[in-house]
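Residue numbers start from 1 in every chain, and the chains themselves are labelled A, B, ... in the order their sequence lines are given, proteins ahead of strands. Predicted model only: the values in this text are computed from it and were never measured.
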Amino acid sequence: MAQIQIDYSRASVHVVCIGRWRATELKSVAVALSDEVALLEEKSVIFDLSGIETLDTAGALLLQRTERGMSAAGCQVQYVGADDRVKRILSMTQRYGHTDATFAAYSPGILETIGRRTEDFFEEVRDILAFFGHTFFSFVGTLFRHRRFRIRELAYQMMESAVKALGIIALTMFLVGVVVAYQSSVQLKTYGANIFIVDALGISILRELAPMLTAIIVAGRSGSSFAAQIGVMKMTEEIDAMRTMGFGPYTFLVLPRMLALIIMMPILIFFADLFGVLGGMVIANTELGLSTTLFLDRFVEAVPLKHFWVGLIKGPFFGVLIASIGIYRGLQVKNDTESIGINTTKSVVEAIFAVIICDALFSIVFTKLGF
Amino acid sequence: MDNAIIEVENIVTRFGKRLVHDHVSLEVQEGEIYGFLGPSGCGKSTLMREIIMLEPIQKGSIRLFGTPLHSLSSKGAQQLRQQWGVLFQSNALFTSLTVAENIAVMLLEYTKLPKSLIDEVVAFKLEIVGLSQQDGNLFPSQLSGGMRKKTALARALSLDPPLLFLDEPTSGLDPVSAREFDALILKLRDMLQLTVVMVTHDRETIECVLDRMAILDERRIVAQGSLEEVKSVKSPFIQTFFGGDIRECKN
């Protein structure tokens, strides 16, 4: 520990410094110096440094800082008893020190904040438009065979971001089917309307629950991985490397991911339908005593095919939203680690939000159209 | 000369089936600049990582400042870690903090000094590594390669550690910056009385900066000592690496 003892009894004030004057042990001395010694005025002060075991640059800077304040208050300051080591460090900090150093984070005023936010907003709008423009452009390019389409990359992305999600989607939908069936069965039982469980399940799952939950799972699972992977690729200059080799990132990274989700989302929704209804069927059987054949007969009768198609048709749209938001967020990553976290979070939040808005629009449009 | 700061004894390391170190022993004395040399993949960096407790020691013992690493409590390890600073090859600066904040990280965490004094310490560290005060408010992404190295060095020195580890400090720098950095290391060693341990491939650094070195090849230390002593050792790596003549250092 660093310590000081102040002796007022002699003609000049003696400040005896003892102990280890190292940054980690300076706290009490820093307080004592600013509370007592720095308040002296028009005195002659002698710092006795003979008791110092070790002195580091922080200790030396503290000493000189105190001295400066005292000189300004008209004190005469002297050092005694410094050994060679201490002298060397004091002369070093004297030589390289900056007395006026302040590193304060710059905080902009309200007008500047508004201005910057507005600029950011318009930049973002421009970036989004540019993103879709580039994507469309490279899509048209591949359509007319100016650029070779990356079949392998597409297959890989279909595997990674969709096929491997089948397990979790199947499990989630099965459980959702169980929950919906269980909750409705309690109500339906009281009215003796057991058979209507099929209508309730079929319509809610095929039309709304399966597409929506599939999209949410895919957004959380694959959208975020697009954002993180492309973000890191940008930071490590992999994307720049690809550019120099003539591999456009939109053809090589964006299109395969987007097409993979456009193709696979309906397939995933189909499986989600299957497992959701299966979960409901199990509960209908055990809770309401509805046999499988009865359930399926009623299903064909009560649930028109249009509900299935309405659910399925949403798939590609959700796929575009999830893929483009994930990839766009990845490309927005700047050259620091924090922005990877921020953009990955944004990709999931925005994708889920977009999917829900899109679903609401579909709901209105399909109802108006009479589906 | 019996003031060993680092004592490495009979270190054996294997990754899977691959044997990396086969009974490696060496000593680093106080105040010297010591280099780990050798072909890539010979385990120089691994040895350094074992010394700075980033990699577990599989067999053998390492003592730092006389304290054996294998029987450390977590508190003891924490205290020991404050005795050294590390400059990583890729600098490993915190990208979300400014240069000044990067240097102040340890001071803010381990000391309870007033902000104004911390700022003064940071300004001092910036000055001694050759950066200006204005650079303190920049972010790492706004710096050139040489400035990033200097920032990382200033951060490694923030608590005035007596021991400094450098992992390929001059790689990725242009020749002028690399020589500047060499001179900086020498200057800081004298100013702050540091002991420096570095992994390096840079011939000029080896010839002009290192006091002593260990050459790792074929899982063992094939030579240890000053440049003259090392050059006289017959080993295929040393022959090809130094390839004959010794250049004169320009000081």
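- The nearest pair of heavy atoms linking A:Arg88 to B:Asp190 is NH1-O, 3.9 Å.
- With rounding to the nearest 0.5 Å, the separation of CG in A:Leu26 from OG1 in B:Thr111 is 8.0 Å.
- For A:Ala58, the parts sitting under 4.5 Å from any heavy atom of chain B are the backbone and the side chain alike.
- Of the N and O atoms on the side chains of B:Gln193 and A:Arg85, not one donor lies less than 3.5 Å from an acceptor on the other residue.
- Of the residues considered (B:Lys112, B:Glu101, B:Lys125), B:Lys112 shows the highest number of contacts with chain A, using heavy-atom pairs under 4.5 Å.
- Ranked by heavy-atom pairs under 4.5 Å with chain B, the first of A:Met92, A:Lys334, A:Glu338 is A:Met92.
- Atom CD of A:Glu237 has 12 or fewer heavy atoms from other residues, nucleotides or ligands within 6.0 Å.
- Separating the CG atom in B:Asp160 from the CD1 atom in A:Ile89 is a distance of 7.5 Å, to the nearest 0.5 Å.
- Other residues, nucleotides and ligands contribute at most 12 non-hydrogen atoms within 6.0 Å of the CG atom of A:Asp84.
- B:Lys115 contributes a side-chain N or O that, together with a main-chain N or O of A:Phe103, makes up a donor-acceptor pair within less than 3.5 Å.
- Rounded to the nearest 0.5 Å, atoms CZ (B:Phe139) and CG (A:Asp336) are 8.0 Å apart.
- Only the side chain of A:Arg22 comes within less than 4.5 Å of a heavy atom in chain B; its backbone stays farther off.
- For A:Phe122, the CZ atom counts as loosely surrounded, since its 6.0 Å shell holds 12 or fewer non-hydrogen atoms of other residues, nucleotides or ligands.
- The number of heavy-atom neighbours closer than 6.0 Å to CG of A:Leu129, taken from other residues, nucleotides and ligands shown, is above 12.
- Remark: the backbone N or O of B:Thr95 is not paired with any side-chain donor or acceptor of A:Thr337 at under 3.5 angstrom.
- Interatomic distance, OG1 of A:Thr93 versus CE of B:Met191, reported as 9.5 Å (0.5 Å rounding).
- The structure places OG1 of A:Thr57 at 9.0 Å from CG of B:Leu159, a figure rounded to the nearest 0.5 Å.
- Expressed to the nearest 0.5 Å, how far CG of B:Leu157 lies from CG of A:Asp56 amounts to 11.5 Å.
- Shown here is A:Glu124, whose CD atom has more than 12 heavy atoms of other residues, nucleotides or ligands within 6.0 Å.
- Heavy atoms of B:Leu107 lying under 4.5 Å from chain A belong exclusively to its side chain.
- Closest approach of A:Leu61 to B:Phe124, counting heavy atoms only: CD1-CB, 3.8 Å.
- With a threshold of 4.5 angstrom between heavy atoms, B:Asp119 approaches chain A through its backbone and through its side chain.
- Taking B:Thr98, B:Leu113, B:Ile128, B:Leu126 one by one and counting their heavy-atom pairs under 4.5 Å with chain A, the maximum is reached by B:Leu113.
- Within 6.0 Å of CZ in A:Arg116 there are 12 or fewer heavy atoms belonging to other residues, nucleotides or ligands.
- Between chain B and the residues A:Arg95, A:Glu25, A:Lys27, the most heavy-atom pairs under 4.5 angstrom are made by A:Lys27.
- For B:Phe15, the CZ atom sits in a packed shell: over 12 heavy atoms of surrounding residues, nucleotides or ligands are nearer than 6.0 Å.
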